[in-house]
Amino acid sequence: MALVNEHFLKLPNNYLFADIAKKVNAFRVTHPKAEVISLGIGDVTQPLCPAVVEAMHRAADEMGTLEGFHGYGPEQGYDFLREAILKNDFLPRGIHLDIDEIFVNDGAKSDTGNIQELIRWDNSIGVTDPIYPVYIDSNVMIGRAGVVENGRWSNVIYMPCNAENGFVPQLPEHRVDVIYLCYPNNPTGMVITKDELRKWVNYALKNDTLIFYDAAYQAYIQDDDIPHSIYEIRGARKCAIEFHSYSKTAGFTGIRCGYTVVPKDLTAATLTGERIPLNPLWYRRQCTKFNGTSYISQRAAEAIYTPEGKMQIQTTIGYYMENARTMLETLRRLGFQCYGGENAPYIWMKTPHGTSSWQFFESLLYGANVVCTPGVGFGPSGEGYVRFTAFGSHEQTEEALSRMKKWIS
Ligand code: PLP
């Protein structure tokens with residue numbers, strides 16, 4: 001008899017976005033004439049930029065020839081893309097990485113979920129709260145998170161981020177083995193300064209803690225002094241793995257490509273105290289379980305580092321950030337307390353008068369036919385907040401805001 005991995009059964013049945021979809025569908029059935037606008041789910045809406053499309057066409061044509069055909073590629077990615085990453089994402093920030101420290105993948109979700117395979121099942125885990133749910137759920141699946149009690153996992157240390165602490169998480173009081181950080185943050189849209197990030201790196205170095213740093217939204221940073229990579233902080237190569245994604249940077253949610261940085265200086269200990277480098281372990285893991293990202297996707301990613309590609313993706317990012325600006329301005333004018341949205345495509349809004357996240361979600365859906373994401377779906381500290389995304393079109397965003405104005409008045 002095959003025995004099931006019962007840790008899966010501990011996961012809540014409901015997936016946040018499936019719950020939202022069910023409620024929106026129920027509304028649509030009872031209100032067939034209403035046109036619902038979603039500012040909820042975090043998918044992009046604008047098309048791929050021309051440089052990417054041309055690169056994909058070229059790659060597809062190549063693949064149709066005997067000389068240009070590519071079968072299985074290197075598991076860790078083609079050198080043409082890894083070199084472009086080093087040259088464009090790191091060197092200009094004074095970060096010198098080796099090509100073997102870059103692992104191209106099919107998007108950041110897979111690796112932010114899979115990376116925990118590198119550490120023993122009984123490591124302690126710390127997360128900022130609210131949080132991108134993949135970090136915790138992937139630890140639940142192998143039994144590292146413990147059991148749920150009042151919406152919290154017993155073996156997870158939650159570091160609340162809320163209006164009261166200015167969304168700056170406090171360093172944990174007790175040492176933690178592994179900490180997940182995500183900046184710019186999904187869902188709060190908040191960023192971390194170099195000084196704050198330095199505190200985390202120093203904490204990690206002092207306590208022998210491993211940091212998993214998710215930089216999926218770094219391309220949205222507008223302020224010059226906000227770090228794009230944890231490796232801008234001295235010492236981070238010894239304590240951090242970093243995740244990047246082209247999904248929001250260049251509209252690759254349907255193309256699938258990203259990369260993970262595992263520095264060669266990074267080690268974790270055995271029970272006897274021997275230090276084991278994690279880079280060769282991740283390489284071994286990828287060679288066993290991953291067969292590479294498609295050649296066409298990697299050529300597409302390479303194209304965003306060309307002069308035209310860089311300009312074109314900035315235009316799209318600017319388009320979304322204009323939505324974020326309009327939303328921030330309007331929501332604040334309507335009297336809502338809003339956070340984020342200045343260096344990230346997310347706006348985190350406090351619900352008025354102590355309304356719960358789900359109550360506000362329903363009132364907004366029924367009152368203005370606009371969908372937001374209830375903050376509590378991202379963790380206990382998300383209760384009393386909702387998330388709006390800037391990934392809609394200008395027209396949809398403006399229409400949603402004008403409906404909200406009417407609804408409020
Ligand atoms: N990390 C964060 C914080 C995200 O919000 C997302 C997607 O929404 C991802 C990673 C996954 O992105 P990808 O499409 O590259 O898998």
Side-chain angles (χ1 to χ4, degrees), residues 15-18 20 38-46 48 52 77 81 85 89 102-116 127-139 159 161 167 169 179-192 211-221 226-230 240-261 286 290 292-294 297-298 300-301 304 313 316-317 320 324 340-341 343-348 372-373 375 377-379 382 387-392:
Y15 171 61
L16 174 63
F17 291 105
I20 293 174
S38 177
L39 300 181
I41 201 155
D43 201 354
V44 291
T45 55
Q46 297 306 297
L48 294 169
V52 164
L81 177 56
I85 289 168
D89 286 349
I102 307 290
F103 294 84
V104 174
N105 60 28
D106 61 354
K109 189 183 217 173
S110 316
D111 281 4
T112 50
N114 293 330
I115 200 74
Q116 44 75 32
V127 294
T128 55
D129 168 34
I131 189 201
Y132 178 54
V134 171
Y135 312 149
I136 294 187
D137 288 0
S138 55
N139 279 289
M159 296 171 278
C161 296
F167 298 91
I179 290 179
Y180 287 85
L181 294 177
C182 170
Y183 290 104
N185 188 264
N186 177 15
T188 67
M190 297 296 275
V191 285
I192 193 163
I211 296 178
F212 293 151
Y213 193 79
D214 189 343
Y217 295 94
Q218 60 79 28
Y220 285 81
I221 294 173
I226 300 293
H228 287 245
S229 163
I230 195 167
I241 288 177
E242 182 165 283
F243 307 94
H244 284 248
S245 164
Y246 297 111
S247 285
K248 311 298 158 66
T249 304
F252 273 42
T253 50
I255 304 289
R256 310 308 303 148
C257 193
Y259 65 90
T260 296
V261 184
Q286 291 299 80
F290 182 61
T293 306
S294 83
S297 296
Q298 293 191 61
I304 72 163
I313 62 165
T316 309
I317 289 171
Y320 293 134
N343 290 287
Y346 294 121
I347 286 163
W348 191 239
C372 61
T373 310
F378 298 100
R387 188 192 74 175
F388 289 101
T389 85
F391 289 128

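Predicted model, so just to flag it, every value in this text is computed and none were measured. Order of appearance sets the numbers: ligands from 1, and atoms from 1 within every ligand.
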Any donor and acceptor pair, going by atom type alone, linking the side chain of Arg387 with main-chain N or O of Cys372 inside 3.5 Å?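 Not at all, since once roles are kept as given, no pair shorter than 3.5 Å links the two residues.
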
Are the side chain of Thr45 and the backbone N or O of Phe391 linked by a donor-acceptor pair below 3.5 Å?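 Pair found, side chain donor or acceptor close to backbone of Phe391.
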
Decide whether an N or O pair under 3.5 Å exists between [X] and ligand 1.
X      : result
Lys109 : yes
Asp106 : no
Ala108 : yes

Working to the nearest 0.5 angstrom, can you tell me the gap between Thr260 OG1 and Phe212 CZ?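 If we round to the nearest 0.5 Å, Thr260:OG1 and Phe212:CZ are 10.5 Å apart.
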
So how far is it from Tyr220 OH to Asn343 CG, rounded to the nearest 0.5 Å?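 Atom-to-atom, Tyr220:OH and Asn343:CG are 12.5 Å apart.
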
Do the ring planes of [X] and [Y] sit parallel (below 30°), tilted (30 to 60°) or perpendicular (above 60°)?
X      : Y      : value
Tyr259 : Tyr246 : tilted
Tyr183 : Tyr213 : tilted
Trp348 : Phe378 : perpendicular

Any idea which protein heavy atom is nearest [atom], and the distance to it?
atom                    : answer
atom 7 (C) of ligand 1  : Lys248 NZ, 3.5 Å
atom 14 (O) of ligand 1 : Ser247 OG, 2.5 Å
atom 11 (C) of ligand 1 : Tyr132 OH, 3.3 Å

Closer than 4.0 Å to some heavy atom of [X] - which atoms of ligand 1 meet that?
X      : value
Gly107 : 15 (O), 16 (O)
Asn186 : 3 (C), 4 (C), 5 (O)
Asp214 : 1 (N), 2 (C), 3 (C), 10 (C)

Shortest heavy-atom approach to atom 15 (O) of ligand 1 - which of Gly113, Cys182, Ser245, Ala216: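 Shortest heavy-atom distance from atom 15 (O) of ligand 1: Ser245.
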
If you measure from atom 4 (C) of ligand 1 to every heavy atom of Tyr246, Tyr217, Phe252, which option wins on shortest distance?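 Checking each option, the heavy atom nearest atom 4 (C) of ligand 1 is found in Tyr217.
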
As a test of understanding, state which of Lys248, Glu242, His228 forms a side-chain hydrogen bond (donor to acceptor under 3.5 Å, both in side chains) with Gln218.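 It is His228; the other options fail the test.
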
Just heavy atoms, cut-off under 4.0 Å: does Phe243 contact ligand 1 by side chain, backbone, both, or neither?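 Answer for Phe243: neither.
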
